[in-house]
There are 2 protein chains.
Amino acid sequence: MSTVDEVETLVTGAMLRGELEPGAWLRQDELARRFGVSKIPVREALQRLAAFGLLRFEANRGAVIPRLTADDAEEIYALRRSIEPQLLKRALPKLSIVDLAEAELALRSGDLVPTEANWSFHRALYQSSGWDRGLRIVELLHAAVAPYVILYTEGLGSAPRSDAEHADILDACRHSDPNAVTMLLRHLDGASNALERFLRDHPSSS
Amino acid sequence: MSTVDEVETLVTGAMLRGELEPGAWLRQDELARRFGVSKIPVREALQRLAAFGLLRFEANRGAVIPRLTADDAEEIYALRRSIEPQLLKRALPKLSIVDLAEAELALRSGDLVPTEANWSFHRALYQSSGWDRGLRIVELLHAAVAPYVILYTEGLGSAPRSDAEHADILDACRHSDPNAVTMLLRHLDGASNALERFLRDHPSSS
DNA sequence: CTGTTCAGTATAGTATACGATTATTCGAAT
DNA sequence: ATTCGAATAATCGTATACTATACTGAACAG
């Protein structure tokens, strides 16, 4: 695994855990020091993430985590709803014991940040689809909304509604029940509505 | 526009025009010399493209244009069929004179490489959707299949079937006819089948 | 007191340099 | 003639170094 890969993993993880707030500037020297490398691999990793809009390079000002508008959230969830059900549909007949165990583990791990646990759960169910591009796109869509999902769930203590839906989906997956796909769609609808409502009520100060 | 952006545009364009064959190695020094810059911005641009799977970095061997399997093509077209109709649907009521003119221009420009003209046409119809992430994802999916589309259309002289479908779609768009969306879907189905058949008949030597 | 100019500082962006890894060449041995 | 291996060349990946741009704050003018 190259240095660039490692830095990318670390930064993506930080985003999924909500450690990088919207509007925050990523100081290249600081990241380089923190990871014990030079700026070069740091910049290359950031460019990868910028390719997906996970952060934005502004000329001579560096990389910033963009603030999302309600429209952004609408787009991101539209993309997720387009792609994720297909990933699940393809993975459903191929789901292994390991996949199911990982999904269950993600559900039980109360210590994880909810957004990271959420992605672990979804990834476990998708990873056997064999569609690497789609999986990667979806991961970064998750990371893009993570900072906001954390904002609106904090205080709620790991949304019980979402947890229940996850459990239901996992149950259906255990029986290779194709209803899992429509349940996933409804689950995404709920998440989408919640986030869009939050963003309209709390417009990020530019 | 930063140096990295320029290099990225040049390399993406080269891919869309099919100037970079599958399996080809991208020599960083050579690209740097060709563009009159150092390796650093070249590598950063390549990392952006690698993020989408448009090329792959192999440890200590550099960046290579991956060969597609029929499964890859299936995934790519599944993603395109998921995303592009939505882009068109959203753009349809907002299509401007300029968008339509650009689309028509792309149809008429017989001198362009077919894959580049094809993307010009589609982009013209999608760009008013306001969904930048989706647009970007779709562009790179186009670029990913371009080398193969060129292979199987060469000799055929700009597939007349596809051209006719484009003309029909454009016509529907002019009247804001929502049928344009289903026509687009069928168009993608046709392209998908053609490419998958080609790849199964001509499996790329690893 | 407010606005503006002008150093000084911090940071980004790119070029150069160099060790590390991989590919290639060429001669020797079978 | 073919294969093996060591020396050479080519290329990558990253660190260091330099330049350019943007931010900060103090001195000054209005």
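Worth saying up front: this structure is predicted, and the values here are computed from it rather than measured. Below, read A as the first sequence line, B as the second, and so on, with proteins coming before strands; counting in each chain starts at 1. When reading the values below, keep in mind they use all heavy atoms of this one structure, side chains included, and skip hydrogens, waters and symmetry mates.
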Restricting both atoms to N or O, compile the protein contacts to nucleotides 6-10 of chain D shorter than 3.5 Å, with distance only.
none

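Within residues 41-61 of chain B, the residues approached by DNA chain C to less than 4.0 Å at the level of any non-hydrogen atom are P41(B), N60(B), R61(B), in residue-number order. Within residues 4-12 of chain B, the residues that place at least one heavy atom under 4.0 Å from DNA chain C are, in residue-number order, V4(B).
For K89(A), the NZ atom sits in a loose shell: 12 or fewer heavy atoms of surrounding residues, nucleotides or ligands are nearer than 6.0 Å. No more than 12 heavy atoms of other residues, nucleotides or ligands lie within 6.0 Å of CD in E21(A), so this atom counts as exposed by the packing criterion.
Straight-line distance from the CE atom of M1(A) to the C1' atom of dG13(D): 16 Å, rounded to whole Å. Across the protein-nucleic acid pair, K39(B) atom NZ and dT16(C) atom P stand 12 Å apart, rounded to whole Å. Residue L31(B) contributes atom CG, which lies 16 Å from atom C1' of dT14(C) at whole-angstrom precision. In this structure, CD of E30(B) is placed 9 Å from P of dT11(D), rounded to the nearest angstrom. For the pair I40(A) CD1 and dA12(C) P, the interatomic distance rounds to 12 Å; values are reported in whole Å. Regarding W25(B), its CH2 atom lies at a distance of 12 Å from the P atom of dT11(D), rounded to whole Å.
In this structure, S128(A) contributes its side chain and A91(A) its backbone to no donor-acceptor pair below 3.5 Å. Within the 3.5 Å criterion, the main-chain N or O of L68(B) finds a donor-acceptor partner in the side chain of Y148(B).
Q28(A) has no side-chain polar atom (N or O) that falls below the 4.0 Å cut-off from OP1 or OP2 of dT11(C).
For the pairing with R133(A), the side-chain contact (heavy atoms from CB on, under 4.5 Å) check across I76(B), L140(B), I137(B) returns one residue only, I76(B).
With dT16(C), dT14(D), dA12(C) as the choices, the nucleotide that has an atom nearest any side-chain atom of S38(A) turns out to be dT14(D).
Relative orientation of the W119(A) and H142(A) rings is tilted, given thresholds of 30° and 60° on the angle between their planes. Ring orientation note: the planes of H122(A) and H166(A) are nearly perpendicular, at an angle over 60° on the 30°/60° scale.
Along DNA chain D, the nucleotide nearest to T3(A) and the one nearest to R27(B) differ in position, and the one closer to the 5' end is contacted by R27(B).
Salt-bridge annotation for D189(A) and R80(A): absent, with no side-chain N of the basic residue lying under 4.0 Å from a carboxylate O of the acidic one.
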After noting the C-alpha distance and the side-chain angles of T115(B) and N118(B), does the key distance pass the side-chain hydrogen bond (donor to acceptor under 3.5 Å, both in side chains) rule?
CA-CA 5 Å; T115(B) 44; N118(B) 182 58; over 6 Å; no
Would you check, one step at a time, whether the test side-chain hydrogen bond (donor to acceptor under 3.5 Å, both in side chains) holds for E196(B) with S192(B)?
CA-CA 6 Å; E196(B) 285 177 43; S192(B) 172; 2.9 Å; yes
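Closest heavy-atom contact between G62(B) and Q28(B): CA-NE2, 4.4 Å.
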